[in-house]
Amino acid sequence: MAERSTAAVDVADNSGDEPLTAQADQSTADGVANNRERDTDSDEAQGNPTSEESGKASPPELHSGHKLARRYRLEECVTRLDGFSSWRAVDEKLRRAVGVHLLPADHARARSVLAAARSSALLGDPRFVQVLDAVEDNDLVYVVHEWLPDATELTALLASGPLEVYDAYQMVSQVASAMAAAHREGLAHLRLSPNAVLRTSTGQWRIRGLAVNAALRGISSDTPQRTDTEAIGALLYAALTQRWPYESDAHGLAGLPKDIGLIPPDQVRAGVHRGLSELAMRALANDGATASRHEAPCTTPEELVKAIGEMPRIRPPEPAYAAPPQYQRTAYQQGGYGRPAPHPGATQPVPTPPPPLQSRTGKALKWGVSALLIAALGLGSWQLADALMERGGKADDPNQTQTVDGDNDKGTKPPASGKAVPIVGARDFDPFGDQSEKPSEIGNVYDGSASTYWQTDYYLSSDFGRLKPGVGVILDLGKVQQVGKVTVTFVGNTSVELRSASKDAAAEPTSFDQYEKVAGGSGTTVELKPGKAVQSRYLLVWLTDLPVQSDGNWRGRLADVKVTS
């Protein structure tokens, strides 16, 4: 696909010789209430067009309380720069917070901003902060977007130190896959900085300002895929080291020492994950470092996603369970309620238990109970023996026939059931989310007990809150097996698909596209029978629609899986 960027419409290329990821200290505000952005004149100093160069008109005179389209009430201006302004606002119709970018209709970049916003809105990918509206109204052009009050910028997260290995892995995985999807639709970001990457309270990573931020600043690139890939490498480098991978300081992070060049993250800070360190260098793609590692550079987000998929999976840290405090009985439970406390050091007498029943009544009661127990035991033994003899007689009768409900008088044999195929292992599968979905409970799906289950995270709707198309469990049958039927048992009515990996797969596939759908259904107990012969070692039980729980959230619960040939 030819590379193009909707941000590069009738604007000059202001990137210069320095990488775009090293330019522009801050981006425009896109919805973090606690982290107002601080755009200053430093952007012009780093290569962005000045007021005279851009030919911009004077910014409109607006104030808090002003309403756009009798709907969006401006609350607080968070950015005012280069002829445009960004506001936190309230959508009075839907009663929710939103963000608004404003610029005059005769601004030199008004048309490119509208084009970028409308293209971004058409993408509709939930991994990006969504554009809600893009309007030209008389002398104003404004873009309305989501506001995420519960999200935190990567800049703020790095202020307290580098990210943990698993968090850095999740960040680069989700950001790279999101940007790969955007570039497949011809959209680029070009200002992918730590201010543009947000982590929500649920642990999801979101990207704000797709195409729009670059259009507001008049930034373009002849190689948008390479530019965004290098920006992702810089984000991962910063997440691992708390340093910006260039000599200049940026985004609240110190740059690298001068005259030493770009060195790998694991040489900047001890304890850095080797695989992630190499991945950052491949994305940054400087010739010296990549040549020394004998790895080809990644020049597109798609190549970066493939490189991440080839890495050994990084598991989340095991949760730390605090030991419960030692149970302390109350004074009442200890029998001391209303009694004076014993003197310290004094040995308390142990109360003597009451003697057993020694009276005539007690002896008679004991003999009566014993007699009843003996009689019950004898009666049970007689009934058991009688039942066994009756069953044996029927088994020896050569004229005995078996019938099926609803059949005629002719004796018919029930169809032979398939042979049980053992499941030797399983793991959670969340390729469109954070790569992990309750891994500690995965053994419950094949433990033979329907009283235990593996469950998903909770979501705000049955379709996973529109965050992803589904989650599932990969079953390992130990070797290539003939699969005739898979029976799954859920807690609550759940929609599910059975997907199969190729029988020629040498290892467990890690991509969703490597599993072919062979059956589907919904219910609490679902029999998934492939329409054709299936031979495979790896099966994917893929949940696509979840039941609602008593707390009003949606969550899938897989209690049992049985495979037969």
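Both backbone and side-chain heavy atoms feed into the values below; hydrogens, waters and symmetry mates do not. Position 1 is the first residue of the sequence, and the numbers go up from there.
At least one donor-acceptor pair under 3.5 Å links the side chain of Asn444 to the backbone N or O of Tyr453. Side chain of Asp428 to main chain of Glu437: a donor-acceptor pair is present (N/O by atom type, distance under 3.5 Å, no hydrogens or angles). Although no hydrogens or angles enter the test, the distance criterion places no donor-acceptor pair under 3.5 Å between the side chain of Gln174 and the main chain of Met171. A donor-acceptor contact shorter than 3.5 Å links the side chain of Arg282 to the backbone of Ala296. Here the side chain of Thr456 pairs a donor or acceptor atom with the backbone of Gly556 at under 3.5 angstrom. Without hydrogens or angle criteria, Ser462 side chain to Pro547 main chain gives no donor-acceptor distance under 3.5 Å. A donor-acceptor pair under 3.5 Å is absent between the side-chain atoms of His251 and the main chain of Trp244, judged by distance alone. Side chain of Ser112 to backbone of Arg109: a donor-acceptor contact under 3.5 angstrom is found. A donor-acceptor contact shorter than 3.5 Å links the side chain of His189 to the backbone of Leu192. Looking at Gln481, its side chain never comes within 3.5 Å of a backbone N or O of Ser536 through a donor-acceptor pair.
Between the CD1 atom in Ile232 and the OG1 atom in Thr227 there is a gap of 11.0 Å [rounded to 0.5 Å]. Taking CG from Leu158 and OG1 from Thr155, the interatomic distance works out to 7.0 Å, rounded to the nearest 0.5 Å. Taking CG of Leu148 as the start and CD of Gln130 as the end, the distance is 10.0 Å to the nearest 0.5 Å.
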Residues Met281, Tyr237; criterion side chain to side chain contact (heavy atoms under 4.5 Å, CB included); working and verdict: CA-CA 8 Å; Met281 298 303 291; Tyr237 197 104; 4.2 Å; yes
Residue pair Asp125, Arg206: steps toward the salt bridge (charged side-chain N to carboxylate O under 4.0 Å, His left out) verdict: CA-CA 10 Å; Asp125 192 317; Arg206 307 275 303 268; over 6 Å; no
Stepwise salt bridge (charged side-chain N to carboxylate O under 4.0 Å, His left out) check, Arg226 with Glu302: CA-CA 11 Å; Arg226 180 71 197 90; Glu302 198 75 53; over 6 Å; no
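Leu198 is not listed as a side-chain neighbour of Thr152, based on a closest heavy-atom distance of 4.5 Å or more. When side chains are defined from C-beta on, Arg208 counts as touching Asn195, because their heavy atoms get closer than 4.5 Å.
Every pair passing salt bridge (charged side-chain N to carboxylate O under 4.0 Å, His left out) that includes a residue from residues 446-463 is listed here, sequence neighbours excluded: Lys438-Asp457. Note on residues 538-548: no pairs pass salt bridge (charged side-chain N to carboxylate O under 4.0 Å, His left out), not counting sequence neighbours.
Residues Gln225 and Thr229 have side chains that never bring a donor and an acceptor to within less than 3.5 angstrom of each other. Counted by atom type alone, His101 and Ser86 present one or more donor-acceptor pairs between their side chains at under 3.5 Å.
A salt bridge does not link Arg537 with Glu508: none of the charged nitrogens is closer than 4.0 Å to a carboxylate oxygen. Salt bridge absent: Glu441 and Arg557 never bring a charged side-chain N and a carboxylate O closer than 4.0 Å. Using a cut-off of 4.0 Å between Lys/Arg side-chain N and Asp/Glu carboxylate O, Glu278 and Arg274 are scored as salt-bridged. Between Asp430 and Lys468, at least one side-chain nitrogen of the basic residue sits less than 4.0 Å from a carboxylate oxygen of the acidic one, meeting the salt-bridge criterion.
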Below 3.5 Å, can you tabulate the donor-acceptor pairs from side chains in residues 482-492 to any protein atom, sequence neighbours excluded?
residue	atom	partner	partner atom	Å
Gln482	OE1	Gln535	NE2	3.1

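Ring-centre distance between Trp542 and Tyr515: not below the 6.0 Å cut-off.
Within 6.0 Å of atom CZ in Arg269, more than 12 heavy atoms from other residues, nucleotides or ligands are found, so the atom counts as buried in its surroundings. Around atom OH of Tyr458, no more than 12 heavy atoms belonging to other residues, nucleotides or ligands sit under 6.0 Å away.
Among Thr300, Val305, Leu304, Asp228, the one residue that satisfies the side-chain contact (heavy atoms from CB on, under 4.5 Å) test with Met179 is Asp228.
Classified by interplanar angle (parallel below 30°, tilted 30° to 60°, perpendicular above 60°), the ring pair Trp147/His145 is parallel.
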